[in-house]
Participant: 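Take this structure first; my questions come after.
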Protein chains: 2
Amino acid sequence: MNDFTSSVADAKIPDATVRRFSLYLRYLEDFERSGISSVASGVLAERGGTTAAQVRKDLSFLGSFGKRGLGYSVKELTGVLRDVLGLDSVWRVALLGAGRIGTALFRYEPFRARGFHITTVIDNDPGKVGTRLGDVMIRGEHELECALREDRTDLVIVAVPAPVAQALVDRVVAAGVRAVLNYAPAQLRLPDDVALRNVSMTVELESLSHALTRLRRCR
Amino acid sequence: MNDFTSSVADAKIPDATVRRFSLYLRYLEDFERSGISSVASGVLAERGGTTAAQVRKDLSFLGSFGKRGLGYSVKELTGVLRDVLGLDSVWRVALLGAGRIGTALFRYEPFRARGFHITTVIDNDPGKVGTRLGDVMIRGEHELECALREDRTDLVIVAVPAPVAQALVDRVVAAGVRAVLNYAPAQLRLPDDVALRNVSMTVELESLSHALTRLRRCR
DNA sequence: CACTGCTTGTGAAATCGTTCACAAGTGGAA
DNA sequence: TTCCACTTGTGAACGATTTCACAAGCAGTG
Ligand SMILES: NC(=O)c1ccc[n+]([C@@H]2O[C@H](COP(=O)([O-])OP(=O)(O)OC[C@H]3O[C@@H](n4cnc5c(N)ncnc54)[C@H](O)[C@@H]3O)[C@@H](O)[C@H]2O)c1
Ligand SMILES: NC(=O)c1ccc[n+]([C@@H]2O[C@H](COP(=O)([O-])OP(=O)(O)OC[C@H]3O[C@@H](n4cnc5c(N)ncnc54)[C@H](O)[C@@H]3O)[C@@H](O)[C@H]2O)c1
């Protein structure tokens, strides 16, 4: 009844659109919980701070399965978005660095529910290696390649100090991992076929600081 | 000799450019430490994973103070970037939510060095209120307005559970704060004159998951 | 059926950001 | 002084993304 086969005509979808898919999915799950079975583009737009036209254009990358006059089936749209975002697979994740950020991210529940399983944790602090973080044993830095291969890691989260980040991801990439989420303030150099996302508190804060400065100067 | 007066013709600088300014500044500080006194656009570009033309176009928003044939003075450029990013003021920051992410962010050193001072921490867990996080006393949620006013807070970091985020920021905005850095997976609705940046691990992971799925399907 | 109210899907236009290409400026060498 | 190697600053071309505008489709009603 709902197999949602990958009939997705996977052209290249703009990155901005993919990020919005993530948000739409979040809202749709709320709607599903509230028992709402169909939503119009305008509703999703208001929820997500964009425009109805933007929502429709975004969704048009996935084909056309809205019902004119009614909107989109929450259930169907959820399925299609999960499919295009690749959330029906389980992704095997390795965490590099079990420091403050690393452990906070590790304990963040929602992403387990979305199929991201942290199966490997690596740190080089002798006081941490051999201890457990949740249900995962922390392994030493020298076991990196070995661990990635054993666990068939798909994706790596970098939460080590910036100066060691590049050397570690080089090894990670050599071991065949094709996706990196980087929290270290380092500009990582990776081959083109490895996907990279950077999260930087400093960049966000400084961009806010710029905005505040502008506000101040204009008044 | 280097007063770097705000001769910045502050037109509206693209957001993407401002974010790159943050990165350029990071590199410039490395160069300064290494005793390098002048850099060409190409060098900054290679360091930052963009192109020389991009760097020059970005910097041209700030006026023109490069020396043709030589490049930019590291010291001067550092000063100009710090100025336009508003890093010469001290920004007073309040942290809402002293949970796992909140404390990890609190203990993150580099942003103190950049003029972001966390002067207020708010939580509503009775077991936390009254205890200290570093050198700051954790205050109860009902003291929010009072604390923001006393500390003349410029910027708020949201690290509370998503369901309570909107209600809290409404109060924060009413208290006059004009910048919010949001870590909760909630789409906050704010007046136009309040700057907002969202950081979402879920969005980043899902965009990586999409990329991985595409890679898999293409091979 | 025809009519109404509502909503999608999508070309075309507008806007925004990036890359190109090159004239013009700089310091150093001869 | 002239020449050379190098690099900036920027209009113009290009490409990508967002917004607009509207024909076409659906459900419900009379
Ligand atoms: N993106 C953000 O918003 C953000 C916020 C805070 C911190 N950070 C960054 O995250 C990183 C970690 O920050 P933190 O506050 O958790 O620091 P931390 O010192 O608490 O943790 C770093 C961990 O990495 C480990 N480590 C060091 N070298 C290693 C190696 N070669 N191999 C394996 N493990 C190694 C350390 O033992 C430590 O446990 C830093 O790069 C920091 O700048 C990012
Ligand atoms: N952006 C990211 O990458 C990322 C990663 C992990 C978590 N998060 C989000 O950050 C938030 C915090 O996550 P966490 O793992 O630290 O959770 P947590 O439960 O450890 O911390 C939440 C804290 O907020 C406090 N709190 C709850 N209601 C409050 C209120 N009304 N007023 C003041 N304080 C209140 C709680 O007492 C607790 O200390 C969540 O919204 C989570 O989804 C974001």
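To find a chain, count down the sequence lines: A is the first, B the second, and so on, and within it residues start at 1. Reckoned from all heavy atoms, side chains included, excluding hydrogens, waters and symmetry mates. All of these numbers come straight from a predicted model, not from anything done at the bench.
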Participant: Donor-acceptor pairs under 3.5 angstrom involving side-chain atoms of residues 100-112 of chain B: please list them, not counting sequence neighbours.
Facilitator:
residue, atom, partner, partner atom, Å
B:Thr103, OG1, B:Gly99, O, 2.9
B:Thr103, OG1, B:Arg100, O, 3.1
B:Arg112, NH2, B:Phe106, O, 3.2

Participant: For B:Gln54 and C:dT19, is the shortest distance between a side-chain N/O and OP1 or OP2 below 4.0 Å?
Facilitator: yes
Participant: Produce the list of close N/O pairs, under 3.5 Å, pairing protein atoms with atoms of nucleotides 12-14 of chain C; give distances to one decimal.
Facilitator:
none

Participant: Which pairs with one or both residues in residues 157-170 of chain A pass side-chain hydrogen bond (donor to acceptor under 3.5 Å, both in side chains), sequence neighbours excluded?
Facilitator: A:Gln166-A:Asp170
Participant: With sequence neighbours left out, what residues match A:Arg149 under side chain to side chain donor-acceptor pair (under 3.5 Å)?
Facilitator: none
Participant: Please give me every residue in residues 63-72 of chain A whose heavy atoms get under 4.0 Å of an atom in DNA chain C, ordered by residue number.
Facilitator: A:Ser64, A:Phe65, A:Gly66, A:Lys67, A:Arg68, A:Gly69, A:Leu70, A:Gly71, A:Tyr72
Participant: Considering the terminal five base pairs at each end of the helix from C:dC1-D:dG30 to C:dA30-D:dT1, what angle separates the two local helix axes, rounded to 10°?
Facilitator: 10°
Participant: Please enumerate all residues that pass side chain to side chain donor-acceptor pair (under 3.5 Å) together with B:Arg19, with sequence neighbours excluded.
Facilitator: A:Glu204
Participant: Quick one: list whatever passes side chain to side chain donor-acceptor pair (under 3.5 Å) with B:Tyr24, sequence neighbours left out.
Facilitator: B:Asp58
Participant: Quick test of your reading of the model: are B:Arg26 and A:Glu206 salt-bridged, counting only N-O distances below 4.0 Å?
Facilitator: no
Participant: For DNA chain D, note the earliest and the latest nucleotide, 5' to 3', having some atom under 4.0 Å of a heavy atom belonging to chain B.
Facilitator: D:dC6 to D:dA12
Participant: Show every salt bridge (charged side-chain N to carboxylate O under 4.0 Å, His left out) that has at least one partner inside residues 37-48 of chain B, sequence neighbours left out.
Facilitator: B:Asp30-B:Arg47
Participant: Go through residues 24-53 of chain A and report each residue with a non-hydrogen atom lying under 4.0 Å from DNA chain C, sorted by number.
Facilitator: A:Ala40, A:Ser41
Participant: Output all residues satisfying side chain to side chain donor-acceptor pair (under 3.5 Å) with B:Arg82, sequence neighbours left out; order by chain, then residue number.
Facilitator: B:Asp88
